[in-house]
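Both backbone and side-chain heavy atoms feed into the values below; hydrogens, waters and symmetry mates do not. Numbers here simply count residues along the sequence, with the first being 1.
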Amino acid sequence: MSHKIILDTDPGIDDAMAIFFAFQHPEIEVLGLTTVYGNVPVEMAAKNAITLCALAEKNIPVCKGVGMPWVGKESGYAHFVHGDDGFGNINFPAIAGELDPRSSAQFIVDKAREFPGEITVVAIGPLGNLALALRLEPELPKLLKAVSIMGGAAFVPGNVTPVAEANIWNDAFAAEIVFGASWELNMFGLDVTNSCPFTPEFLTSLKQNNAKLGGFVHDAAQFYVEFYSQNRDEDVCFFHDAMPIAHLIDPSLFELQTGHARVSTDPLNIGQTSVALPNTTASPDWLNAQQINVATKVDNERLTQLYLDTYSL
């Protein structure tokens, strides 16, 4: 089965791994990269996306999207996670290329109208572009096949605050809009992405399987491993952003639970993703909330092999 996707991204080391994974797999057709601020400022996200497309020899549109949260001031950036360049400070030379003149949100709307019912938006950064696309086209949930996001923490602690994951925390008001829309929404958050660590040996295998793309991820991820290995007994990192794409390719890798979801915009708990599973509440405030599917388990061994096999194609 072939899957048409739009990748909404803030590259980002794990974004780079996910983008190359999508490019490499024969069942994934990437219609374009829409960029957003998050791991890096939006201008850098757009430049990084152009560079990744050129490195992979993919001639697809790249759009620049929102550079600010839906509400509030511009946030800081995770230089200590992804480096100043988003690629682990490897000083990879930027590759020149032209941006699509449309905004990320307009591109999403245009493609949804062009291919009604066929596209899954895979959002692996903050959700401002999708929230804006909903404002531009209120019928968007009927035009998209589904939305799959990397973000949130339903039943586990957050990674920015005790309750909030970074992508949702970065733009909580936009996330609440996206979670409240009537599309099929599949959430791959810290519940599942933090359960699958990747070792330096995995990175070496990626490089061996694909000297150019795997080599880029290997080099960029050395910085990533150093960050994640603090206060651990082993060297590891986490490729959060590739999981929604893996689910499209092989849903049997994952276990998902369905529940009513809300995103907190309260200052103390901003960005918290809470999910009410069936028969856990009688509150109308929760029962009237949209239902989403939350990934809670993954087969680590098979997922790892899927990544390695795809990079060798």
> side-chain hydrogen bond (donor to acceptor under 3.5 Å, both in side chains) with T258: which residues, sequence neighbours excluded?
Replying inline: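 With neighbours one apart ignored, the set is N293.
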Partners meeting side-chain hydrogen bond (donor to acceptor under 3.5 Å, both in side chains) with Q305 (sequence neighbours left out)
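Checked Q305 against side-chain hydrogen bond (donor to acceptor under 3.5 Å, both in side chains); matches are D309.
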Donor-acceptor pair, [X] side chain versus [Y] backbone, under 3.5 Å?
| X | Y | value |
| --- | --- | --- |
| D85 | G88 | yes |
| N159 | A166 | yes |
| N129 | S104 | no |
| D241 | M17 | no |
| N48 | D10 | no |
| N300 | S195 | yes |

Does any part of the side chain of [Y], heavy atoms only, come nearer than 4.5 Å to the side chain of [X], both counted from C-beta?
| X | Y | result |
| --- | --- | --- |
| Q222 | L203 | yes |
| I108 | T34 | yes |
| L31 | I5 | no |
| V81 | N39 | no |
| K207 | D219 | yes |
| W286 | R262 | yes |
| L127 | N167 | no |
| F188 | V298 | no |

Next on the checklist: Would a single hydrophobic cluster contain both I124 and V42, if residues Ile, Leu, Val, Met, Phe, Trp and Tyr are joined by side-chain heavy-atom contacts under 4.5 Å?
Outcome noted: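 As far as the 4.5 Å side-chain criterion goes, I124 and V42 are not connected within one cluster.
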Query raised in the report: Taking a hydrophobic cluster as the set of Ile, Leu, Val, Met, Phe, Trp and Tyr residues connected by side-chain heavy atoms closer than 4.5 Å, whether directly or through intermediates, do I119 and V178 fall within one such cluster?
Result: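 Both belong to a single hydrophobic cluster.
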Classify the ring geometry between [X] and [Y] as parallel (under 30°), tilted (30 to 60°) or perpendicular (over 60°).
| X | Y | answer |
| --- | --- | --- |
| F20 | Y311 | perpendicular |
| Y307 | F198 | tilted |
| Y228 | H240 | tilted |
| Y77 | Y37 | perpendicular |
| F21 | H25 | perpendicular |

Looking only at non-hydrogen atoms, find the nearest pair between [X] and [Y] and report the distance.
| X | Y | result |
| --- | --- | --- |
| A22 | I28 | O-CB, 3.5 Å |
| F254 | M243 | CZ-O, 3.6 Å |
| L213 | Q24 | CD1-OE1, 3.6 Å |
| G125 | V36 | CA-CG1, 4.4 Å |
| G271 | I168 | O-CG2, 3.3 Å |
| D235 | P200 | O-CD, 3.1 Å |

TODO: Determine the sole option in F216, F92, F223 for which the ring pair (Phe, Tyr, Trp, His ring centres under 6.0 Å) test with F87 is passed.
DONE: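 Testing F87 for a ring pair (Phe, Tyr, Trp, His ring centres under 6.0 Å) against F216, F92, F223 leaves exactly one candidate, F216.
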Salt-bridge criterion met for R302 and D250 (N-O under 4.0 Å) =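 Judged by the 4.0 Å cut-off on N to carboxylate O distance, R302 and D250 do form a salt bridge.
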Test V66 against L132 for side-chain contact (heavy atoms from CB on, under 4.5 Å), laying out the working first. CA-CA 9 Å; V66 301; L132 183 56; 4.0 Å; yes
Kindly indicate, with the supporting measurements, whether the criterion side-chain contact (heavy atoms from CB on, under 4.5 Å) is fulfilled by V122 and D8.
CA-CA 6 Å; V122 179; D8 193 49; over 6 Å; no
Please report, to 0.1 Å, the donor-acceptor pairs under 3.5 Å made by any side chain of residues 141-155, with sequence neighbours excluded.
| residue | atom | partner | partner atom | Å |
| --- | --- | --- | --- | --- |
| K142 | NZ | E139 | OE1 | 3.3 |

All N/O donor-acceptor pairs, side-chain side in residues 49-65, below 3.5 Å, sequence neighbours left out:
| residue | atom | partner | partner atom | Å |
| --- | --- | --- | --- | --- |
| T51 | OG1 | K47 | O | 3.1 |
| T51 | OG1 | I95 | N | 3.1 |
| E57 | OE2 | K212 | NZ | 3.1 |

Which atom pairs, donor and acceptor, lie under 3.5 Å between side-chain atoms of residues 110-117 and protein residues at least two apart or in another chain?
| residue | atom | partner | partner atom | Å |
| --- | --- | --- | --- | --- |
| D110 | OD1 | Q106 | NE2 | 2.8 |
| D110 | OD2 | R102 | NH1 | 3.2 |
| K111 | NZ | E114 | OE1 | 3.1 |
| R113 | NE | E137 | OE2 | 3.3 |
| R113 | NH2 | E137 | OE2 | 2.9 |

- prompt: Which value, rounded to the nearest 0.5 Å, describes the distance between N89 atom CG and D84 atom CG?
  reply: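 One gets 5.0 Å once the value is rounded to the nearest 0.5 Å.
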**Prompt:** Can you tell me how far OG1 of T265 sits from CZ of F173, rounded to the nearest 0.5 angstrom?
**Reply:**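 Taking CZ in F173 and OG1 in T265, the distance rounds to 4.5 Å.
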Residues that H82 engages under ring-ring contact (aromatic ring centres under 6.0 Å, His included), provided they are two or more places apart: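 Y224.
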Greater than 12 external heavy atoms within 6.0 Å of E43's CD: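 It does: E43 CD has more than 12 such atoms within range.
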